[in-house]
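Structure, as structure tokens:
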Amino acid sequence: MGAKSVGVLLPYTQEVSGLVVDKFVEYDIPVSSVAIFDVTTDEVVSRIDAASVLAAIRKLAASGADAVFVSCTNTRTIDVIAKAEALTGIPVVSSNSAMAWDMMRLAGMLTEDVKNDRATFGGALFKVPVENQGPRHPCP
């Protein structure tokens with residue numbers, strides 16, 4: 001997506017968050033800033049409201065990140081990504097949007113129509129050119 005540095009938002013504790021950030025560094029993805037909610041259980045992660053997630057993304061974007069990654073499949077992002085991108089002007093990718101994009105890519109389902117439709121919740125990720133797409137799956 002052309003990002004030179006990534007802001008990372010994690011719901012986890014400092015210790016767990018550090019392990020995730022270390023993986024970005026291991027794969028040569030520069031992390032410009034990190035924000036954590038310091039939560040210890042999945043039940044609490046799913047209760048972090050969308051407004052708090054959006055506020056954290058905006059802070060990461062303001063810190064100079066070229067993109068933001070939001071970790072954890074329980075973090076509320078489906079109603080946040082497109083709004084966050086519109087407010088910040090940078091791509092926002094979540095665990096869920098990345099997983100959905102890759103599953104659709106592997107199934108050969110990332111047609112232009114589908115990509116445009118999914119961009120409403122998956123953001124700029126769904127506008128990225130797709131290479132090495134799998135064969136089209138026969139299911140409707």
Side-chain angles (χ1 to χ4, degrees):
M1 299 179 75
K4 292 180 178 58
S5 65
V6 178
V8 182
L9 175 58
L10 307 116
Y12 318 117
T13 62
Q14 183 69 43
E15 180 182 357
V16 174
S17 296
L19 296 171
V20 174
V21 171
D22 288 348
K23 283 297 177 186
F24 277 86
V25 173
E26 182 181 321
Y27 285 93
D28 295 324
I29 301 170
V31 175
S32 62
S33 52
V34 177
I36 67 169
F37 285 111
D38 201 24
V39 172
T40 58
T41 63
D42 283 339
E43 300 85 40
V44 176
V45 172
S46 64
R47 291 186 186 128
I48 299 169
D49 66 14
S52 296
V53 174
L54 180 58
I57 292 169
R58 291 181 78 180
K59 285 182 182 178
L60 289 167
S63 75
D66 294 322
V68 171
F69 174 73
V70 183
S71 186
C72 188
T73 57
N74 276 340
T75 305
R76 294 182 182 193
T77 57
I78 197 162
D79 296 326
V80 173
I81 291 175
K83 185 174 187 175
E85 288 183 342
L87 290 169
T88 64
I90 63 172
V92 176
V93 177
S94 72
S95 300
N96 290 337
S97 66
M99 183 170 40
W101 181 89
D102 197 41
M103 288 188 305
M104 291 169 69
R105 180 189 65 81
L106 291 170
M109 297 176 67
L110 284 176
T111 63
E112 289 307 310
D113 288 345
V114 169
K115 287 169 57 177
N116 289 331
D117 180 54
R118 298 308 185 269
T120 59
F121 74 85
L125 174 62
F126 280 81
K127 297 186 183 209
V128 171
V130 180
E131 296 180 21
N132 302 322
Q133 186 163 210
R136 175 81 171 121
H137 193 276
C139 294

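No hydrogens, no waters, no symmetry mates; every other heavy atom, side chains included, goes into these values. Everything numeric here is computed off the predicted structure, so don't read it as measured data.
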Checklist entry - Going through the distances and angles, do Ser97 and Thr77 end up as a side-chain contact (heavy atoms from CB on, under 4.5 Å)? => result CA-CA 9 Å; Ser97 66; Thr77 57; over 6 Å; no

Item to check | Pair Asn96-Thr73, side-chain contact (heavy atoms from CB on, under 4.5 Å): steps then yes or no | outcome: CA-CA 6 Å; Asn96 290 337; Thr73 57; 3.1 Å; yes

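Under a cut-off of 6.0 angstrom, the local environment of CZ in Arg105 is crowded, with over 12 non-hydrogen atoms contributed by other residues, nucleotides or ligands.
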Validation: residues 47-56 side-chain donor-acceptor distances under 3.5 Å, sequence neighbours left out:
| residue | atom | partner | partner atom | Å |
| --- | --- | --- | --- | --- |
| Asp49 | OD1 | Ser52 | N | 2.8 |
| Asp49 | OD1 | Ser52 | OG | 2.6 |

Only pairs under 3.5 Å count here: list side-chain donor-acceptor contacts from residues 7-20, not counting sequence neighbours, and write none if there are none.
| residue | atom | partner | partner atom | Å |
| --- | --- | --- | --- | --- |
| Tyr12 | OH | Ser71 | OG | 3.2 |
| Thr13 | OG1 | Val16 | N | 3.4 |
| Ser17 | OG | Tyr12 | O | 3.4 |
| Ser17 | OG | Thr13 | O | 2.8 |

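Expressed to the nearest 0.5 Å, how far OG of Ser32 lies from CG of Leu60 amounts to 7.5 Å. Rounding to the nearest 0.5 Å gives a distance of 11.5 Å between CD1 of Ile90 and CZ of Arg58.
Counting only heavy atoms from C-beta outward, the side chains of Val130 and Trp101 approach each other to under 4.5 Å. Here the side chains of Ser95 and Thr75 are not in contact, with every heavy-atom distance at 4.5 Å or above.
Of all non-hydrogen atoms in Asp66 and Pro91, the two that sit nearest each other are O-CD, 3.3 Å. When all heavy atoms of Val68 and Ala61 are compared, the pair lying nearest together is CG2-N, 4.3 Å. Looking at every heavy atom in both residues, Val128 comes nearest to Met1 through CG2-CG, 3.7 Å.
When the side chains of ILVMFWY residues are joined at heavy-atom separations under 4.5 Å, either directly or via intervening members, Val44 and Val70 end up in a single hydrophobic cluster. Met99 and Val93 fall into different hydrophobic clusters, defined by Ile, Leu, Val, Met, Phe, Trp and Tyr side-chain heavy atoms under 4.5 Å apart, directly or through other members. Note on Leu106: it does not cluster hydrophobically with Leu110, by side-chain heavy-atom contacts below 4.5 Å among ILVMFWY residues.
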